[in-house]
Amino acid sequence: MDLTRSIVVGYDDTSASAAAVRWAAALARSTGVGLRIVHAWSWPLLGSGLAGVPVMDSAGPRNQAMQLLDAAAEAVAAREPDVQVHTDLLPGTARDVLDQISQTTEMLVVGTRGLGPVLSTLLGSVSQGILHDAGCPVAVIRSEQHTAGPVLVAADGSPSAAEAVEVAADLACSWAVPLRIVHVRPDGPGRYGGGTGTGAIDARTQSLLDGASAQALAAHDSLTVETRVLEGRSAADGLLTAAAGARILVMGHRGHSHGPLGSTVHATVLHATGNVVVVRRHLAE
């Protein structure tokens with residue numbers, strides 16, 4: 001993950017998006033890059049109306065939106081004075097604006113909820129839509145806890161998982177925490193590198209984990225890397241259990257499936273209580 005460009009975070013004055021801004025600002029400090037805070041502007045801009053019909057004036061709400069962005073930038077400056085912050089008020093719906101930005105940035109950060117309809121009890125509609133269409137890794141932020149925990153990454157041997165290992169290794173190195181590479185075998189015992197269970201894993205799984213570990217160490221040779229095989233009723237169940245206490249869980253946007261978002265990723269993000277990064281690349285499609 002080349003964080004030579006600013007990290008982008010969506011902000012809409014909700015508590016969830018404020019937490020996302022704080023998380024993104026801390027990451028910007030750790031990686032030495034700038035932070036770009038964006039707010040989508042969808043107020044109707046009307047010209048001269050029909051005779052007798054008052055024209056809606058957008059100046060007041062637009063100024064309020066700018067004040068929200070200014071306040072968010074000031075909060076970052078007070079908390080992370082070394083981070084360079086830019087703000088943008090952009091026309092369009094939140095999903096369209098963030099989707100467009102994701103095509104040209106290295107990481108997009110969103111909260112779990114935003115203003116507007118919610119498609120589930122846990123994940124806001126904007127965040128859910130972005131996961132399907134984004135062109136970069138998307139961090140979905142729920143918690144500011146467990147900052148000393150490891151970075152957890154799911155490995156299944158797919159190209160998408162390999163991209164997730166790359167991003168996870170970069171994050172672990174930036175935060176100076178261990179990287180834990182996990183593979184879930186539903187309802188199957190297994191043990192490797194401190195994993196759970198009692199049985200020996202098969203050669204293919206061990207090769208998969210060894211390859212992911214080698215990939216991470218090739219990028220950051222001083223990184224502490226752990227590999228584990230986990231048990232669970234499903235891959236999502238195993239990952240959710242393993243993610244307890246982790247700083248963040250990193251996943252590829254799909255495994256060996258061909259859809260825009262794998263079912264394991266969808267279930268894990270939907271039910272996670274901590275932070276998750278879903279990795280998607282422009283060139284991966």
Side-chain angles (χ1 to χ4, degrees), residues 1 3-45 58-118 122-131 134-147 171 174-175 247-248 269 274-278:
M1 181 174 58
L3 287 175
T4 57
R5 291 176 287 182
S6 296
I7 297 167
V8 177
V9 56
Y11 182 66
D12 61 6
D13 197 33
T14 60
S15 59
S17 67
V21 169
R22 291 191 295 269
W23 187 91
L27 178 60
R29 170 179 47 79
S30 297
T31 54
V33 301
L35 178 67
R36 183 182 177 194
I37 307 173
V38 300
H39 179 77
W41 173 252
S42 57
W43 189 267
L45 304 177
S58 64
R62 188 180 189 282
N63 289 336
Q64 290 177 355
M66 287 298 302
Q67 290 171 6
L68 291 179
L69 282 172
D70 290 343
E74 290 172 2
V76 170
R79 189 182 182 96
E80 306 287 357
D82 295 331
V83 174
Q84 187 175 17
V85 183
H86 300 278
T87 60
D88 283 308
L89 185 61
L90 302 174
T93 65
R95 177 169 174 176
D96 289 343
V97 165
L98 294 179
D99 178 53
Q100 183 176 3
I101 288 174
S102 76
Q103 307 305 319
T104 57
T105 193
E106 289 298 322
M107 176 170 283
L108 176 64
V109 182
V110 295
T112 53
R113 284 179 181 267
L115 300 176
V118 176
L122 296 178
L123 188 63
S125 59
V126 171
S127 302
Q128 191 175 53
I130 286 296
L131 293 178
C136 71
V138 178
V140 181
I141 303 306
R142 283 191 174 90
S143 172
E144 297 174 84
Q145 301 177 352
H146 308 303
T147 56
L171 289 173
S174 296
W175 290 326
R247 183 156 184 167
I248 202 162
V269 175
N275 302 329
V276 181
V277 173
V278 177

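Just so you know, residue 1 is the first one in the sequence shown, and it goes up from there.
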Side-chain donor or acceptor of S174 paired with backbone N/O of S30 under 3.5 Å:
no
Donor-acceptor contact below 3.5 Å, side chain R247 vs main chain T147
yes
L68 and Y11 have their tightest heavy-atom pair at O-CE2, 3.6 Å
Minimum heavy-atom distance between L27 and T31, given as atom pair plus value
O-OG1, 2.8 Å
Heavy atoms only: give me the nearest Q103-G135 pair and the separation to one decimal.
NE2-N, 3.4 Å
Side-chain atoms of residues 78-92: list all donor-acceptor pairs with protein atoms under 3.5 Å, sequence neighbours left out, distances to 0.1 Å.
residue, atom, partner, partner atom, Å
E80, OE1, R29, NE, 2.5
E80, OE2, R29, NE, 3.3
D88, OD2, R36, NE, 2.5
D88, OD2, R36, NH2, 3.2

Between S102 and L108, what is the shortest heavy-atom contact and its length?
CB-CD2, 4.2 Å
Does a side-chain heavy-atom distance below 4.5 Å link L131 with V110?
no
Here the gap from H39 atom NE2 to L98 atom CG, rounded to the nearest 0.5 Å, amounts to 10.5 Å
Just verifying a value: how many Å separate D13 CG and L69 CG, rounded to the nearest 0.5 Å?
9.5 Å
In Å and rounded to the nearest 0.5 Å, what is the CG to CD distance from D96 to Q100?
8.5 Å
Check L35 against A24 and note the closest heavy-atom contact, atom names and distance.
CD1-CB, 3.6 Å
Atom of A40, atom of V97 and distance for their closest heavy-atom approach
CB-CG2, 4.0 Å
